[in-house]
Amino acid sequence: MNQHTILFNLDSDPALARKLTEQLDIELGQLNSRQFPDRETYLRVDSDCQDKTALILCNLFDPDPKIMPLLFLAETLRDLGVTKIALITPYLCYMRQDKRFQPGECVNAIPFAKLISNYFDFLITIDPHLHRITSLDQVYRIPTRVVAAAPLIAEWLKSQDQSVLLIGPDSESEQWVSEVSRLSGAPFVVLEKTRRGDRDVDVSLPQVERWQGYRPVLLDDIISSGRTMLSTLSKLAGQGLGQPICIGVHGIFADDAYRELSEQAEVITTNCIPHPSNQIEIASALAEPLRVWLQADPEA
Ligand code: R5P
């Protein structure tokens with residue numbers, strides 16, 4: 001076992017924490033955490049951390065209640081002698097508000113990146129929403145590593161052994177759809193999306209006549225309210241394609257989104273966010289670059 005590295009799970013994804021500790025052959029750190037009656041956070045580290053490198057798994061979907069415990073843990077680990085800290089968050093939050101759309105708006109991605117850069121030495125995540133910010137280096141001051149889900153999705157699609165047409169619901173999705181197409185050999189089309197509000201979305205009519213009988217696979221990085229996928233499904237109805245599949249890298253499924261989508265399509269996600277729709281495994285894809293980062297430091 002690598003005695004110099006310890007992983008703390010600050011999120012409720014014990015399965016992913018266990019897979020990472022097994023694959024990296026490192027110790028799982030012991031934490032005692034709870035809320036005081038006033039809902040402030042109590043945190044105690046019960047593992048020896050002196051001179052170790054710490055990995056913190058804290059998956060930042062539904063982020064706000066997780067931020068204070070995360071910063072407290074990072075600060076406490078430094079106090080206890082940890083030399084370097086990496087943050088593992090399969091879903092990187094606050095990337096979608098990447099521009100001031102209305103006067104006076106907070107461009108969330110920027111202050112959030114500043115905050116995280118103050119506490120961590122390395123950040124690893126899976127397919128963050130890179131759109132108007134095209135690289136994490138533009139906002140994060142620490143080294144970052146982006147793991148791509150496209151190879152995992154392409155493998156899953158190939159294992160289904162069906163004729164599929166990949167559909168990207170908006171221009172941002174082209175980066176994922178084109179890569180999955182390249183790796184799987186499936187054709188793709190990309191639609192135009194107009195967003196008028198959080199839950200008010202319209203997509204252009206897909207040109208799919210030449211793909212009659214193919215199964216449409218709608219692919220997006222995030223499924224949040226589900227409106228992007230639902231609008232796309234409505235445009236596909238009656239176009240002569242097979243039963244749709246919706247694939248999301250990050251299945252957030254706000255409110256009733258999962259139920260509404262499941263009524264019309266098979267819904268598949270990676271296990272970036274734990275959910276019954278998870279069918280595409282990410283642990284090894286995260287473990288490999290973490291191993292490289294740890295090996296770059298002889299003390300880790
Ligand atoms: C943003 O453009 C993303 O790529 C997704 O299309 C978006 O987050 C999906 O959100 P919703 O499910 O709320 O339509």
Side-chain angles (χ1 to χ4, degrees), residues 59-64 89-102 105-110 112 125-136 138-139 146-150 152-153 166-181 188-206 216-237 244-270 272-278 280:
N59 202 353
L60 291 168
F61 59 94
D62 190 12
D64 291 8
T89 178
Y91 177 71
L92 184 59
C93 59
Y94 286 127
M95 289 301 294
R96 290 192 294 167
Q97 185 77 16
D98 57 358
K99 173 186 164 183
R100 179 162 292 139
F101 299 93
Q102 303 287 333
E105 279 180 349
C106 174
V107 184
N108 295 350
I110 295 174
F112 187 71
T125 187
I126 299 192
D127 281 339
H129 186 76
L130 292 172
H131 181 202
R132 283 155 287 247
I133 294 169
T134 54
S135 157
L136 290 184
Q138 290 167 9
V139 284
V146 168
V147 175
L152 312 174
I153 295 170
L166 295 164
I167 298 183
D170 54 25
S171 56
E172 298 107 280
S173 66
E174 180 159 0
Q175 55 188 300
W176 297 285
V177 175
S178 60
E179 184 61 1
V180 172
S181 167
F188 74 96
V189 294
V190 174
L191 311 183
E192 293 294 321
K193 179 165 85 177
T194 309
R195 183 180 282 284
R196 289 179 288 262
D198 292 347
R199 291 163 192 281
D200 187 359
V201 170
D202 193 23
V203 299
S204 57
L205 199 59
V217 174
L218 287 57
L219 176 58
D220 208 352
D221 59 336
I222 301 168
I223 305 176
S224 177
S225 70
R227 297 298 128 182
T228 300
M229 289 286 188
L230 287 164
S231 174
T232 310
L233 288 171
S234 73
K235 295 291 164 60
L236 289 172
I245 303 176
C246 294
I247 300 184
V249 178
H250 305 283
I252 292 177
F253 300 117
D255 305 325
D256 245 4
Y258 181 56
R259 186 189 57 73
E260 288 181 72
L261 283 170
S262 304
E263 284 171 0
Q264 299 182 41
E266 189 179 350
V267 184
I268 307 291
T269 56
T270 75
C272 277
I273 296 180
H275 188 267
S277 60
N278 292 166
I280 301 172

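In listed order, ligands and their atoms are each counted from 1. Every heavy atom of this structure was used, including side-chain atoms; hydrogens, water molecules and symmetry mates were not.
- Side-chain atoms of L136 and T125, non-hydrogen and from C-beta on, do get closer than 4.5 Å to each other.
- Side-chain contact between T232 and L191 is present, with heavy atoms from C-beta onward closer than 4.5 Å.
- The distance between the ring centers of F61 and H250 does not fall below 6.0 angstrom.
- Here the shortest heavy-atom pairing between S231 and V201 reads OG-O, 3.6 Å.
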Please tabulate, one line per pair, the protein nitrogen or oxygen atoms found under 3.5 angstrom from a nitrogen or oxygen of ligand 1, with distances to 0.1 Å, or say none if there are no such pairs.
{"unit_1": "ligand 1", "atom_1": "2 (O)", "unit_2": "E172", "atom_2": "OE2", "d": "2.8"}
{"unit_1": "ligand 1", "atom_1": "2 (O)", "unit_2": "K193", "atom_2": "NZ", "d": "3.4"}
{"unit_1": "ligand 1", "atom_1": "4 (O)", "unit_2": "D220", "atom_2": "OD1", "d": "3.2"}
{"unit_1": "ligand 1", "atom_1": "4 (O)", "unit_2": "D221", "atom_2": "OD1", "d": "2.6"}
{"unit_1": "ligand 1", "atom_1": "6 (O)", "unit_2": "D170", "atom_2": "OD2", "d": "3.3"}
{"unit_1": "ligand 1", "atom_1": "6 (O)", "unit_2": "K193", "atom_2": "NZ", "d": "2.9"}
{"unit_1": "ligand 1", "atom_1": "6 (O)", "unit_2": "D220", "atom_2": "OD2", "d": "2.5"}
{"unit_1": "ligand 1", "atom_1": "8 (O)", "unit_2": "R96", "atom_2": "NH1", "d": "2.5"}
{"unit_1": "ligand 1", "atom_1": "10 (O)", "unit_2": "R195", "atom_2": "NH2", "d": "3.3"}
{"unit_1": "ligand 1", "atom_1": "12 (O)", "unit_2": "S224", "atom_2": "N", "d": "2.8"}
{"unit_1": "ligand 1", "atom_1": "12 (O)", "unit_2": "S225", "atom_2": "N", "d": "3.2"}
{"unit_1": "ligand 1", "atom_1": "12 (O)", "unit_2": "G226", "atom_2": "N", "d": "2.8"}
{"unit_1": "ligand 1", "atom_1": "13 (O)", "unit_2": "S225", "atom_2": "N", "d": "2.8"}
{"unit_1": "ligand 1", "atom_1": "13 (O)", "unit_2": "S225", "atom_2": "OG", "d": "2.5"}
{"unit_1": "ligand 1", "atom_1": "14 (O)", "unit_2": "R195", "atom_2": "NH2", "d": "3.1"}
{"unit_1": "ligand 1", "atom_1": "14 (O)", "unit_2": "T228", "atom_2": "N", "d": "3.0"}
{"unit_1": "ligand 1", "atom_1": "14 (O)", "unit_2": "T228", "atom_2": "OG1", "d": "2.6"}

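- Judged by distance alone, with hydrogens and angles left aside, the side-chain atoms of D98 form no donor-acceptor pair with the main-chain N or O of L130 at under 3.5 Å.
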Name the atoms and distances for all side-chain donor-acceptor pairs under 3.5 Å in residues 219-226, with sequence neighbours left out.
{"unit_1": "D221", "atom_1": "OD2", "unit_2": "H129", "atom_2": "ND1", "d": "2.6"}
{"unit_1": "S225", "atom_1": "OG", "unit_2": "R227", "atom_2": "N", "d": "3.2"}

